[in-house]
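Down below is the structure, laid out as structure tokens.
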Number of protein chains: 2
Amino acid sequence: MSEPEKEITIYDIAKKLNISAATVSRGLKDHPGVNKNTKKKITDAAHEMGYRSNAFASNLRKKSSNIIGVIVPRLNSSFMSDVIAGMEQVVNEANYNLIISQSLETVKKEVSNARAMFNNRVDGLLVSLAYDTKDIEHFKPFINRGIPVIFFDRIFEHAEYPTIFIDNYKAAYEVTTHLIEQGCKKIVHLTGNQLRNVYAERFKGYKQALADHQLAFDEDLVLINSLSSADGADAAKQILNMHVRPDAVFAANDSCAIGCMLEMKKQGIKIPADIAFAGFNNDPMCCVIEPNLTTVNYKGYEMGGVAARVLIGNLTNQLNTKTTHSIILRSELIIRESSVRNKR
Amino acid sequence: MSEPEKEITIYDIAKKLNISAATVSRGLKDHPGVNKNTKKKITDAAHEMGYRSNAFASNLRKKSSNIIGVIVPRLNSSFMSDVIAGMEQVVNEANYNLIISQSLETVKKEVSNARAMFNNRVDGLLVSLAYDTKDIEHFKPFINRGIPVIFFDRIFEHAEYPTIFIDNYKAAYEVTTHLIEQGCKKIVHLTGNQLRNVYAERFKGYKQALADHQLAFDEDLVLINSLSSADGADAAKQILNMHVRPDAVFAANDSCAIGCMLEMKKQGIKIPADIAFAGFNNDPMCCVIEPNLTTVNYKGYEMGGVAARVLIGNLTNQLNTKTTHSIILRSELIIRESSVRNKR
DNA sequence: CTGTTAGCGCTTTCAG
DNA sequence: CTGAAAGCGCTAACAG
């Protein structure tokens, strides 16, 4: 293999063109007030010589990185993949770069990821919280240095942090109401850590829908777990052991709903005749399970794009026009066979 | 909100401790030959003053970024998420950072991602190729500058690029043999772009298994598409229109197999009695579809870890000990009901 | 074991 | 419109 090519700098370009490095630097940007001709000469020479700008030197000088950090619980859902794609789209257009990490649902990793992002001097941070994050102390250093942090989906309410999410309360209210309209009277709710807004709000929506339809709220029908598929299977066993058998299950995510359904089916329970089901997220699996799963859909691509746009807005705008409020995106109930009992 | 805190540097620490910046710099690293006491004083002061190292300055000086770039087709599979987690594990331990991007299965985006990585001066690159990548010209600049590029899973064979993958040929051979042993004689193969080793090798394995069991290879039984779930459904329709109905389908991935199964079921076909099925990847969906899908499992976490380890090895080793060969990881056939016809 | 010194490549006043 | 010069914060010879 040949020797690595020499790295060429603005000085090399300057020398070749008999102009100053300063002019080259300006010519390479959109800088106003550079002669059109020299600008063209500069970009041509740069291209021809195989120049690539040195971000380190530039960042060092400008004290900004043009990098945006992203911390999510997990990458392995089509939802998150969409979120990231949405972010990338927006971020690339604004000439920023993304650095992504997963907390694998633990605060511990979330904290260490945050520290890494901080040391890497990201210009801003987009975060969806881990399962068990209790406080947001680990994002304090960012705020102290004036680096914007934005929460999306799994948010934390706090004046310093703008948030992007859906109306989980309303969505859950609609799901529950739908189940009630199908004649269900004893509805189990499978939910996750109540520290997370998404689960707390869905729980509230469920509760309110019961109240509004004159159904008693029964604490024993609420099962809190990690919402994995295995947790769903465990829940199925618990449900089947209840004295009076429930007639519906509303799980706060699809994996858990599906794990639960699979176990129920194994035990010979008929869905939705014996027990109706609804999930949340509209994972592709909803259309694989039989019967297909009723769920709530919301657009990851859009959420990622909006989050990125708000962040970049706060990064580039004048100091006094920062967005600090919440943005609430739309979601929709998708009714499938798993919950349909009324014949028409 | 208060003013952003002042950024503190090794000079501030040096001043406070009445020593030189050079010593502080050394003290902050594992540098041998620094007095234990001064080292402790330095780290204490650094911590107390809220120091964070400035990677830009360091990178600029060292001409290396400690960043490893990753380009994958998509993030939205549990396989890829595992791969990334495996990489992160290894990479963090070695004090590198990861910057991840998805090509969304197009060369176009793969090329632009590669360029971005190049401009961001990654120290090395881990790549799994997009669906339609024809050549690897876009990785040439890395090689020219001596930046290692490693392919994993969807590889490209070339002396300059180490590769990590599984024996797709053997795995497919085993799947096909299994189907034949179940009494299947007319086996459809759903596959993807033959530019990708994974699909080409699986195709070869399929073909060879037929040959070794005295079954004629029939070109019309091989359907090439994009392997999406929708492509699977289309394939189902084609298959059902064939003059003599096939008795098995081996798809090169699970999504496609499942899309195909769902459509077949809708048409009233019995699986595996009328037609047996096998997929590839062991996606969680395999255990949701009914009947559960026979498939090939391989460990993403391991593959990510190995790829990262090889890369870091090449980065840190002496010039002459680079790994340039291939590493082949193990995979396993997982037999489920979708392909079991023999009663025992 | 520690200090001195000289840049890494770029941006940005400040002058022309 | 362009140039000169300084400096971002760190590291690595080299010299004590």
Rounded interatomic separation in angstrom, taking [atom1] from [X] and [atom2] from [N]:
X	N	atom1	atom2	value
A:K15	C:dG9	NZ	P	12 Å
B:H31	C:dC1	NE2	P	10 Å
B:K41	C:dC1	NZ	P	14 Å
B:K39	C:dT2	NZ	C1'	15 Å
A:I10	D:dA4	CD1	P	13 Å
B:N119	C:dC10	CG	C1'	15 Å
A:I42	D:dC1	CD1	C1'	11 Å
B:R52	D:dC10	CZ	P	11 Å

Flag, side chain of [X] to backbone of [Y], donor-acceptor distance under 3.5 Å:
X	Y	answer
B:D12	B:A46	no
A:R52	B:F118	yes
A:T316	A:I312	yes
A:E110	A:A130	yes

Can you tell me if the side-chain N/O atoms of [X] get under 4.0 Å from OP1 or OP2 in [N]?
X	N	result
A:K62	C:dC10	no
A:K63	D:dG9	yes
A:K36	D:dC1	no
B:S25	D:dC10	no

Next on the checklist: On DNA chain D, compare the nucleotides closest to A:V34 and B:L60; which residue's is nearer the 5' end?
Outcome noted: A:V34
Listed nucleotide nearest any side-chain atom of [X], set [options]:
X	options	result
B:R26	C:dC10, D:dC10, C:dG3	C:dG3
A:T38	D:dT2, D:dC10, C:dC10	D:dT2
B:A22	C:dC1, C:dT4, D:dC8	C:dT4
A:T23	D:dT2, D:dA12, D:dA6	D:dT2
B:Y11	D:dC10, D:dT2, C:dC10	D:dC10
A:S20	D:dG3, D:dC10, C:dC10	D:dG3

Item to check | Sugar-phosphate only, base, or nothing, as touched by A:F56 at under 4.0 Å among non-hydrogen atoms | outcome: nothing
Checklist entry - For A:F79, what residues pass the ring-ring contact (aromatic ring centres under 6.0 Å, His included) criterion, not counting sequence neighbours? => result A:Y298
